[in-house]
Amino acid sequence: MKRLTQLSILLLGLCFAMPLYAEWNTDIKELEKALESFINNRNVSLSNPYLIEQGQPIDKKSINVKETDWVTNFTCTDDEPLTSLWKELMAHIKNASFFHCSSEMPQKSEPWKGLRLDGRDGIIVLSGRDKNVYVLTFKDKDGNDNGFFLSWNDLPDGGKKGTLDRFIGRNPELVTLAMEESRVTMDSVRTAIKIGETVKNSQKGTAADIDTTYIDGKWAVSTEYHLKVLREMDHVSDHYDDFPGLNNKVNKLAELSRKATSEQLASIGFALKREASRYERLLTPEEFSLIWKGLFAMQTKAKKADAEIQIYFRAAEIILRGKVNESIYLGFTDTRRHKFLQETGFTITKHKNGRPYFAVWGKHYTGNPDLIYLDACADEDGVLQYHAQHVETNLMPGVYRLTAAGRTSYSGNTGAFIFAQTDGKPMLEEIPACDDRGGSIWREAALRVKEADDKGTQISPNDVRIAMANGGMGYGWNKIVIDNIIVRDGKLTYGVSCDEDFTGRPFTGHWLSAVDFVLERTGELP
């Protein structure tokens, strides 16, 4: 009872903000074909919604799907026609954010959920367990409201009975939306507790012994299989770089997908989208044509999987297609990265033998794929020399503490450091090497989740997010602390460096990342 109560409180009362982003394909030709197929199905009968009497059928030929505004009641003798239509509608969701919904229609036993698409042009409203009510609205090329409304009830014999409305030039105003912050799910809380228990009982402090891993808190996939997929990607990275590496990764994932179950496709799709996001160089049309065969094979395999699993594969294709267009890609990434440096006050003073970027997003310790952080990765042959710094000039004299989050590859003495410098020699704190897994930030969050569960106290949703990052394995981030920094003249420079000329130590890793630098005054001058 204790656990149920505190988990319920967590789910009801605590939530975290996620960025608003979504895509909707406004080319409705495929949807119109699906509507025609549904209407003309021999197992579907139509009737006038405004006539209560039975036996008032509608002539199917009188409905023009493409050009007219119409509404009809329908009855299906089995669920196949409706299921096919609903899946076709849902297949067009790329990404979406959840909203609270209110409706003029009678409320059901479960709350409404709304998903706004691209922030303006479309919404989808669902009730119950993502079924029974479906509303799509969007603006057509002339700026007019356009859309579909689908509602149904399950009949005892397995059939379906409901209403289908095609509206053109108007909005039925069935719902009112208000932004909802994405919630921590029960699955993610339970998994985070299990991760914390494993870490607590393991000397190595890893999640390798957990028997299930949740991808985005939904699909239960064996950890052994999930790790196998990610290790295959690491194996390719160890032997190939740049486009040959990406091409081999796509081909390897396509090979794994041929024998994968629907649940295992979640791991494959997760890895594919991650690799697509991590690939930094632009693609030529010829290069994209080489990887298209593998992408198409995986998308074809995933057609029978959960619609949300399919999103991984479509998103990966969209990301990689975007990298073919040099002007769009460079404009977006350069603007975003320079804005990040401007907002954080960092300057990249050295970037030698590295790939052509200085900050990335996708593997933040919170698991939020949109948070950006300082990052550098060596090119194929060189030893990376990277130095990013922030300069403070108006500090009150005193003793200070600097904290930051950092990660780097390989193991041992890596030569990657968080630093603080006032006069003379810098104070250095080496970043532990955990690669893409574990790390003190992940481990400590998982332990806090477990401790709160044991005590029956409230679990922090932030800790749940950190524990669940990277499918419950963490991204290798460690908390770095430099204490007793003496500031006398108000000046202090801090940052991250693997530049041997600055640190005096060779960099033996391949990449490094750093973020969330916090400077605090802890005392007066001695």
Side-chain angles (χ1 to χ4, degrees), residues 233-234 236-246 249 274-284 287 319 323 326 329-342 344-364 371-390 404-419 426 428-436 475-478 480 493-517:
M233 298 300 95
D234 290 342
V236 173
S237 297
D238 289 340
H239 295 84
Y240 299 95
D241 202 355
D242 202 23
F243 178 73
L246 176 65
K249 287 176 179 179
R274 188 183 78 160
E275 297 302 330
S277 300
R278 292 173 66 182
Y279 186 75
E280 289 294 326
R281 294 184 185 274
L282 302 178
L283 293 172
T284 65
E287 287 174 334
I319 292 169
K323 295 182 181 187
E326 182 174 2
Y329 179 72
L330 284 178
F332 172 69
T333 55
D334 282 353
T335 299
R336 186 174 184 190
R337 286 170 172 151
H338 285 293
K339 183 179 179 181
F340 170 72
L341 292 184
Q342 184 179 24
T344 58
F346 271 87
T347 302
I348 312 299
T349 62
K350 196 166 189 178
H351 192 189
K352 184 178 179 182
N353 299 326
R355 296 181 181 178
Y357 61 81
F358 47 81
V360 298
W361 50 91
K363 304 180 80 172
H364 195 274
L371 293 180
I372 194 168
Y373 45 89
L374 295 168
D375 187 274
C377 182
D379 58 25
E380 188 169 357
D381 301 316
V383 176
L384 178 67
Q385 290 179 287
Y386 176 86
H387 186 96
Q389 66 182 38
H390 175 93
R407 67 189 195 119
T408 188
S409 62
Y410 302 161
S411 59
N413 300 319
T414 64
F417 295 90
I418 300 296
F419 71 88
L428 303 172
E429 191 66 34
E430 193 165 36
I431 301 173
C434 296
D435 280 313
D436 276 343
Y475 279 120
W477 292 89
N478 289 277
I480 311 298
T493 301
Y494 61 80
V496 58
S497 182
C498 65
D499 176 16
E500 184 178 359
D501 295 337
F502 177 79
T503 66
R505 296 268 296 278
F507 181 54
T508 59
H510 190 62
W511 52 261
L512 59 81
S513 308
V515 77
D516 293 347
F517 289 80

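As a basis for the values below, the full set of heavy atoms in this structure was taken, side chains included, without hydrogen atoms, waters or symmetry mates.
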Legend entry - NZ-CG distance between Lys363 and Leu371, expressed to the nearest 0.5 angstrom: 15.0 Å
Inset, instruction - Answer yes or no: is there a donor N or O on one side and an acceptor on the other, between the side chain of Trp361 and the main chain of Ser277, under 3.5 Å? - result: no
Inset, instruction - With rounding to the nearest 0.5 Å, note down the distance linking CD in Glu430 to CZ in Arg505. - result: 4.5 Å
Inset, instruction - Kindly indicate whether the side chain of Val496, heavy atoms from C-beta on, has any atom under 4.5 Å from the side chain of Phe346. - result: no
Legend entry - Thr414 side chain vs Gly509 backbone, donor-acceptor pair below 3.5 Å: no
Inset, instruction - Measure the spacing between OG of Ser497 and CD1 of Ile431 and express it to the nearest 0.5 Å. - result: 9.5 Å
Inset, instruction - Tell me, with the steps shown, if Gln385 and Phe502 meet side-chain contact (heavy atoms from CB on, under 4.5 Å). - result: CA-CA 10 Å; Gln385 290 179 287; Phe502 177 79; over 6 Å; no
Inset, instruction - Please name all residues satisfying side chain to side chain donor-acceptor pair (under 3.5 Å) with Lys350, sequence neighbours left out, ordered by chain then number. - result: Asp499, Asp501
Inset, instruction - Can you label the angle between the Tyr373 ring and the His364 ring as parallel, tilted or perpendicular, going by 30° and 60°? - result: tilted
Legend entry - Closest non-hydrogen atom pair between Asn478 and Cys434, with its separation: ND2-SG, 3.4 Å
Inset, instruction - Answer yes or no: is there a donor N or O on one side and an acceptor on the other, between the side chain of Asp435 and the main chain of Ala433, under 3.5 Å? - result: no
Legend entry - Validation row, ring centre Phe358 to ring centre His351 under 6.0 Å: no
Legend entry - Inter-residue atom distance Ile480.CD1 - Leu428.CG, 0.5 Å rounding: 12.0 Å
Inset, instruction - Enter the distance from Asp375:CG to Trp511:CH2 here, rounded to the nearest 0.5 Å. - result: 7.5 Å
Legend entry - Qualifying residues under side chain to side chain donor-acceptor pair (under 3.5 Å), relative to Thr408, sequence neighbours excluded: none
Inset, instruction - Please confirm whether the backbone N or O of Val383 pairs with a side-chain atom of Asn353, one donor and one acceptor, at under 3.5 Å? - result: yes
Inset, instruction - Quick one: closest heavy-atom pair of Ala416 and Cys498, and the distance? - result: CA-CB, 4.3 Å
Legend entry - Phe243 vs Tyr279 side-chain heavy atoms within contact, under 4.5 Å: yes
Inset, instruction - Applying ring pair (Phe, Tyr, Trp, His ring centres under 6.0 Å) between Tyr494 and each of Phe419, Phe417, Phe517, report the one that passes. - result: Phe517
Legend entry - Shortest non-hydrogen contact from Gly354 toward Leu384: CA-CD1, 3.7 Å
Inset, instruction - State whether the side chain of Gln389 and the backbone N or O of Ile348 hold a donor-acceptor pair below 3.5 Å, judged by distance alone. - result: no
Inset, instruction - Could you grab the distance from atom NZ of Lys249 to atom CZ of Arg274, nearest 0.5 Å is fine? - result: 7.5 Å
Inset, instruction - Start with the C-alpha gap between Arg407 and Asp436, add the side-chain angles, then the distance that decides, and say whether side-chain contact (heavy atoms from CB on, under 4.5 Å) holds. - result: CA-CA 8 Å; Arg407 67 189 195 119; Asp436 276 343; 2.8 Å; yes
